[in-house]
Amino acid sequence: MKRIFIYLLASMSVWNLSCSDFLETDNLTKKDSSNFPVSPEDATQSLYGAYSIMLAFDAAVHPFMIGEILSDNRFGGGGQNDQIPQAMNVFKVTSDSQLGSTWSTLYKGIFRCNMLLASLDQITEWDSNEQKNKILGEAHFLRAHYYFTMAQLWGTVPLVIDPTPQNNPKATPEELYGQIFYDLKTAIEVLPSVQQPASELGRATKWAAEALMARAYLFYDGYYHQNARKEVRLVDESTITANQVIAWLTDCIQNSGHQLTDDFRNQWPYSIDIPEAKYPYAAENNLSWLGEDGANRENMFVIRHSPSGTYDNNYSNQIDIYHGLRDQKQIPFGQGWGFGPVNPVLYNEWPDHDLRKKGSIYNVNDETEGVTGYEWGGDMMWQETGFWEKKYMPINVEDENGEIVNYNVVLYNSLQIFSVNNSQDIVLIRFADVLLMHSELTKTTEGINRVRARAKLDPIASYSEEALQQERRFELAFENVRYYDLLRWYGKEAGVVLKKNMSGAKIRNMGVETTINRDRNNGYFDNIDQRVRETGGFLQIPNDQIALSDGVLEQNPGWETSNVMF
């Protein structure tokens, strides 16, 4: 059973920056930077505050959601009036500051990391040096994670590495990535070389830092240097090379204890094998979900969620509910808001003999899926294709009364509230990606073929970029990887691939058949290649942030005019 694991959200207010009464010299009632942290326990609480930011995003503009909607794997979807995902899908916006909450939430995470790193020296007594290094390494990892997320979304952003108020312009790519690589290198060097215990799932490790280093290096080198595999300089004037990144990946592969699951499909909750599960595909293939208590050694870094979710907290997985079937109540895939219907081009190009195809995509027209009573156009569903991803979805079972309920109701005795029941962890890095990145950097087949063997596919005889790119497309579909792969492989021409793979796709708007190019009769999809060239593939900086900076912060190219409105 999944252990309820929630970072201390109370830690989110752990540093109160308000001034004390001018007559007092000691703050006796509130924690702030003058009196906190002073113990290892305080530092741990502060670290949890930095982690808690990962639960604080609005789902519609969650970084995971954004990356998926930008890719050629998905359309915007939702209802007719859910214009944020539909706009994002074609590099438009619905307001001048559409991603304002995403921007501010990420900087909150960075601020908390900065505060913790700046105040660690206040603690004079540690249980051990290893204890201090572990907190130090995790804080550096988190700061790198938050900055790299911003770098993928906006290109370059202001670099702030201490907690003092600042009004900085955007950093250069060299400055921003120099800091990201420095933080990750520090995390790799100080975090312990041990297998992560189940009690610390969701926390950063040396192995996750090695994997994120490779992901960041590949993106930076690919987008800015056309895969030249250049040496890059860190903020402390040290350097890293492609060979060092390969060595870190090799270390991760050989020493982390992470490994591929035996069956690709057992990573996802639809494979749950409790008696109440009634999904024919899972039963016929003898699938058995590994769960989220440490049995799945493929997961390397995850966002932890909980069955204790309510309307008043962010504990539940809102990505699942946003991806759920709009106005439908099925087994095993449950009701949600219908964001991100799968592009039929992906389904049609994916070979049928690859078990990952049916293991990743739900086809409502496939009789073997056991679909009953599916209604097209439910609740004004827009851009509906009949294809849904299986990895992040609400999962339903039958209770003892034959009622369709979320699996959390059966496993954890949760109340049946479909919009907050989902507790699935979001996997940000898994071991299959490490193997594929190793193959890409070394131009060898070993990693690719290990991933293919798990999918019961024949090995490839020799390495090629085409083979590597196809393997990543299928293995990592719907995991917030595809769009950024296209951006680093093709740069500003990534839109050409998006246009090729999305134009002409058949959809239904409120049940009426049409094509994606005729959606709203606006030609947005006809011009998606041009929009990516104009913007470089990066998004609009919230204009309220530009106003707050008094013009020090400049808008990204392609977002300066009013014609970017949806």
Side-chain angles (χ1 to χ4, degrees), residues 7-18 20 26-56 105-150 158-166 168 175-176 178-194 196-197 199-200 202-210 212-213 234-238 301:
Y7 298 118
L8 302 180
L9 294 181
S11 299
M12 295 173 70
S13 58
V14 76
W15 281 292
N16 187 308
L17 301 181
S18 61
S20 303
D26 294 321
N27 187 341
L28 302 179
T29 60
K30 294 180 179 179
K31 295 177 180 178
D32 62 23
S33 58
S34 70
N35 62 12
F36 190 91
V38 294
S39 70
E41 292 74 22
D42 288 348
T44 300
Q45 187 181 4
S46 301
L47 182 65
Y48 286 167
Y51 275 110
S52 71
I53 288 298
M54 301 177 78
L55 297 172
T105 299
L106 286 163
Y107 267 118
K108 285 177 184 176
I110 291 165
F111 173 78
R112 290 176 187 173
C113 293
N114 288 343
M115 286 292 292
L116 176 56
L117 290 169
S119 58
L120 277 182
D121 287 342
Q122 293 178 187
I123 302 172
T124 58
E125 294 185 10
W126 293 89
D127 296 341
S128 67
N129 194 52
E130 289 76 13
Q131 180 189 43
K132 178 180 180 180
N133 280 342
K134 194 168 186 305
I135 292 176
L136 178 71
E138 290 184 53
H140 277 286
F141 175 94
L142 283 176
R143 184 165 66 181
H145 165 71
Y146 291 136
Y147 264 128
F148 181 51
T149 300
M150 299 194 82
L159 184 60
V160 181
I161 58 171
D162 66 65
T164 58
Q166 297 174 47
N168 295 339
E175 291 168 340
L176 183 57
Q179 182 63 48
I180 291 168
F181 294 142
Y182 169 78
D183 281 335
L184 290 173
K185 183 170 178 283
T186 301
I188 291 168
E189 290 172 346
V190 303
L191 286 171
S193 300
V194 297
Q196 184 179 48
S199 62
E200 294 189 359
R203 293 179 63 171
T205 65
K206 172 181 180 175
W207 321 116
E210 289 176 334
L212 188 59
M213 175 71 85
L234 282 55
V235 293
D236 64 352
E237 297 301 317
S238 66
F301 186 59

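Owing to the predicted nature of the structure, the values given are computational and were not obtained by experimental measurement. Numbers here are sequence positions counted from 1.
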Original post:
Taking side chain as C-beta onward, heavy atoms only, is Arg112 less than 4.5 Å from Ser52?
Top reply: yes
Original post:
To the nearest 0.5 Å, what is the distance between OG (Ser46) and CD1 (Ile123)?
Top reply: 7.5 Å
Original post:
Can you name the ring pair (Phe, Tyr, Trp, His ring centres under 6.0 Å) partners of Phe301, sequence neighbours left out?
Top reply: Phe141, His145
**OP:** Quick one: pull up CD1 in Ile135 and CG in Asp42 and give me the separation to the nearest 0.5 Å.
**Re:** 10.0 Å
Subject >> Expected output: side-chain Gln131 to main-chain Trp126 donor-acceptor under 3.5 Å >> reply: no
Original post:
With a 4.5 Å heavy-atom cut-off, do Trp207 and Ser193 have their side chains touching?
Top reply: yes
Original post:
Taking all non-hydrogen atoms of both residues, which atom of Gln166 and which atom of Asn168 are closest, and how far apart?
Top reply: OE1-ND2, 2.9 Å
Original post:
How many angstroms lie between atom CZ of Phe181 and atom CG of Asp236, to the nearest 0.5 angstrom?
Top reply: 13.0 Å
Subject >> Note, Leu106 side chain near Ile53 side chain (heavy atom, < 4.5 Å) >> reply: no
Original post:
Tell me, do Pro158 and Tyr107 make a side-chain contact under 4.5 Å, heavy atoms counted?
Top reply: yes
Subject >> Spatial distance of atom CG (Leu136) from atom CD (Glu130) [nearest 0.5 Å] >> reply: 13.0 Å
Original post:
Can you tell if the side chain of Gln122 reaches within under 4.5 Å of the side chain of Pro37, non-hydrogen atoms only?
Top reply: yes
**OP:** Could you tell me whether a side-chain N or O of Asn133 sits under 3.5 Å from a main-chain N or O of Leu191, the two making a donor and an acceptor?
**Re:** no
Subject >> Sequence neighbours excluded - salt bridge (charged side-chain N to carboxylate O under 4.0 Å, His left out) pairs with any residue from residues 184-194 >> reply: Lys185-Glu189
Subject >> Rounded distance (nearest 0.5 Å) linking atom CZ of Arg143 with atom CG of Asp183 >> reply: 4.0 Å
Original post:
Roughly how far, to the nearest 0.5 Å, is the CE atom of Met115 from the CG atom of Leu120?
Top reply: 11.5 Å
Subject >> Among Thr186, Ile180, Leu184, the one residue meeting side chain to side chain contact (heavy atoms under 4.5 Å, CB included) with Tyr182 >> reply: Thr186
Subject >> Heavy-atom closest contact (Leu159 atom, Glu175 atom, distance) >> reply: CD2-O, 3.7 Å
**OP:** Compare every heavy atom of Leu47 with every heavy atom of Ala139, then report the nearest pair and how far apart it is.
**Re:** N-CD1, 4.0 Å
Subject >> Side-chain ion pair, Glu138 and Lys206, N-O less than 4.0 Å >> reply: no
Subject >> Side chain proximity check, Asp162 to Asn114, heavy atoms < 4.5 angstrom >> reply: no
Original post:
Should Phe111 and Val160 count as side-chain neighbours, where that means a heavy-atom distance under 4.5 Å?
Top reply: no
**OP:** Please check if the side chain of Tyr51 supplies one atom and the backbone of Gly109 the other of a donor-acceptor pair under 3.5 Å.
**Re:** no
Original post:
Do the non-hydrogen side-chain atoms of Met54 and Leu142 ever get within less than 4.5 Å of each other?
Top reply: yes
